Trainee: 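I am attaching a structure below and will ask some questions about it afterwards.
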Amino acid sequence: MEGPIPQSWCRAVAQILRSDDRDAIITTGQSDRDWGATFPNAWYWDRFEAIAAALETSGVTGRQIGTMAEPGETWAFWFHFQGRKLYAKINLTTGGQFITIYSTHPPRKGEDRL
């Protein structure tokens, strides 16, 4: 069920994304391929900045995902880049040391549900 994403989670993820610390930002191969196929001329940091900006928006909402194998808190939410609505799924590890970006792609199940 969709609801407000905790501001502490949003701030921590945005801070890691803006740090550009590649040791703290893990991206799945599928996420990288989806981003590259959708935006072949965009840089990886464009993705990070677009996600960080979305998470800094007041009242950002999403759906908490409890089925990921890695420890931490995972949320799915919408963000925008170059006028397109995109789905993101990100895990902030327990302790907030790093994030895993599982998904960054156009909606696959429609734009009404996460």
Side-chain angles (χ1 to χ4, degrees):
M1 184 151 117
E2 194 168 334
I5 300 174
Q7 284 300 303
S8 58
W9 188 93
C10 292
R11 279 191 302 272
V13 172
Q15 182 177 6
I16 291 170
L17 288 165
R18 290 224 166 98
S19 76
D20 198 28
D21 179 352
R22 296 298 287 168
D23 291 330
I25 304 169
I26 299 165
T27 60
T28 64
Q30 186 63 54
S31 176
D32 291 341
R33 286 188 296 276
D34 286 341
W35 181 259
T38 306
F39 303 105
N41 296 318
W43 298 95
Y44 72 87
W45 60 79
D46 290 329
R47 172 173 45 161
F48 298 167
E49 177 57 33
I51 295 168
L55 292 174
E56 291 171 342
T57 301
S58 178
V60 64
T61 61
R63 181 171 62 91
Q64 190 167 18
I65 310 294
T67 57
M68 305 312 291
E70 295 81 9
E73 187 175 348
T74 302
W75 284 86
F77 56 93
W78 300 114
F79 74 105
H80 291 82
F81 183 70
Q82 294 184 350
R84 294 194 64 181
K85 187 175 188 176
L86 302 160
Y87 172 88
K89 183 167 51 175
I90 298 177
N91 179 36
L92 174 64
T93 61
T94 305
Q97 298 293 321
F98 60 92
I99 61 172
T100 301
I101 301 174
Y102 298 111
S103 301
T104 50
H105 57 76
R108 293 183 179 148
K109 299 177 184 176
E111 294 187 16
D112 295 336
R113 33 182 306 232
L114 285 168

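Predicted, not measured: the structure shown is a model, and the values here were computed from it.
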Trainee: Applying a strict under-4.5 Å side-chain criterion to I, L, V, M, F, W and Y, I'd like to know whether F81 and Y102 cluster together.
Mentor: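 Different hydrophobic clusters.
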
Trainee: Looking at side-chain heavy atoms only, is the closest gap between F39 and L86 below 4.5 Å?
Mentor: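 Of all side-chain heavy-atom pairs linking L86 with F39, at least one is under 4.5 Å.
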
Trainee: Can you tell me how far CG of L55 sits from CZ of F77, rounded to the nearest 0.5 angstrom?
Mentor: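 The distance works out to 4.0 Å.
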
Trainee: Is Q97 atom CD crowded by more than 12 heavy atoms from other residues, nucleotides or ligands, each under 6.0 Å away?
Mentor: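 No.
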
Trainee: Under the side-chain contact (heavy atoms from CB on, under 4.5 Å) test against I99, which residue among T93, N91, I25, T74 passes?
Mentor: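 Of all the options given, the one that passes is I25.
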
Trainee: Are side-chain heavy atoms of F79 and V60 found at a separation under 4.5 Å?
Mentor: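 Counting from C-beta outward, F79 and V60 never come under 4.5 Å.
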
Trainee: Just so I know, are the side chains of E49 and R18 near enough to count as touching, which here means a heavy-atom distance under 4.5 Å?
Mentor: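 Yes. Closest side-chain heavy atoms under 4.5 Å.
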
Trainee: In Å and rounded to the nearest 0.5 Å, what is the CD1 to OG1 distance from I90 to T27?
Mentor: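 Result: 10.5 Å between the selected atoms.
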
Trainee: Any side-chain heavy atom of L92 within less than 4.5 Å of one from I16?
Mentor: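 L92 reaches I16 side chain to side chain.
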
Trainee: Can you name the closest pair of heavy atoms from I101 and S31 and give their distance?
Mentor: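 What the structure gives for the nearest pair is CG2-OG, 3.6 Å.
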
Trainee: When rounded to the nearest 0.5 angstrom, what distance separates OG in S19 from CZ in F48?
Mentor: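 One finds 9.0 Å between OG of S19 and CZ of F48.
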
Trainee: In this structure, are over 12 heavy atoms from other groups packed under 6.0 Å from Q15 atom CD?
Mentor: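 Open: at most 12 neighbouring heavy atoms sit under 6.0 Å from CD of Q15.
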
Trainee: Would Y87 end up clustered with M68 when hydrophobic side chains under 4.5 Å apart are linked, directly or stepwise?
Mentor: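 In one cluster: no.
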
Trainee: Please round to the nearest 0.5 Å and tell me the distance separating atom CH2 of W35 and atom OG1 of T28.
Mentor: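 With rounding to 0.5 Å, CH2 (W35) is 13.5 Å from OG1 (T28).
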
Trainee: In Å, rounded to the nearest 0.5 Å, how long is the span from CH2 of W75 to CD of E2?
Mentor: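 W75 atom CH2 to E2 atom CD measures 9.5 Å (nearest 0.5 Å).
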
Trainee: To check you understand the geometry: which heavy-atom pair defines the closest contact between P107 and K85, and what is its length?
Mentor: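 So the minimum-distance heavy-atom pair works out to CD-O, 3.2 Å.
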
Trainee: Identify the two heavy atoms, one from G62 and one from I5, that lie closest to each other, and give their separation to 0.1 Å.
Mentor: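 Closest approach of G62 to I5, heavy atoms only: N-CG1, 3.6 Å.
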
Trainee: Evaluate the side-chain proximity of T38 to P106: yes if any heavy-atom separation is below 4.5 Å, no if none is.
Mentor: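 Counting from C-beta outward, P106 and T38 do come under 4.5 Å.
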
Trainee: Can you tell if the side chain of Q64 reaches within under 4.5 Å of the side chain of W9, non-hydrogen atoms only?
Mentor: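 Heavy-atom side-chain distance check fails, nothing below 4.5 Å.
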
Trainee: For the pair R47 and D32, find out whether any cationic side-chain nitrogen is under 4.0 Å from an anionic carboxylate oxygen.
Mentor: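 Yes.
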
Trainee: Atom CZ of R108 and atom CG of D34: how far apart are they, to the nearest 0.5 Å?
Mentor: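 R108 atom CZ to D34 atom CG measures 4.0 Å (nearest 0.5 Å).
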
Trainee: What's the shortest heavy-atom distance between A50 and H80, and which atoms?
Mentor: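 Smallest interatomic distance, heavy atoms only, reads CB-O, 3.6 Å.
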
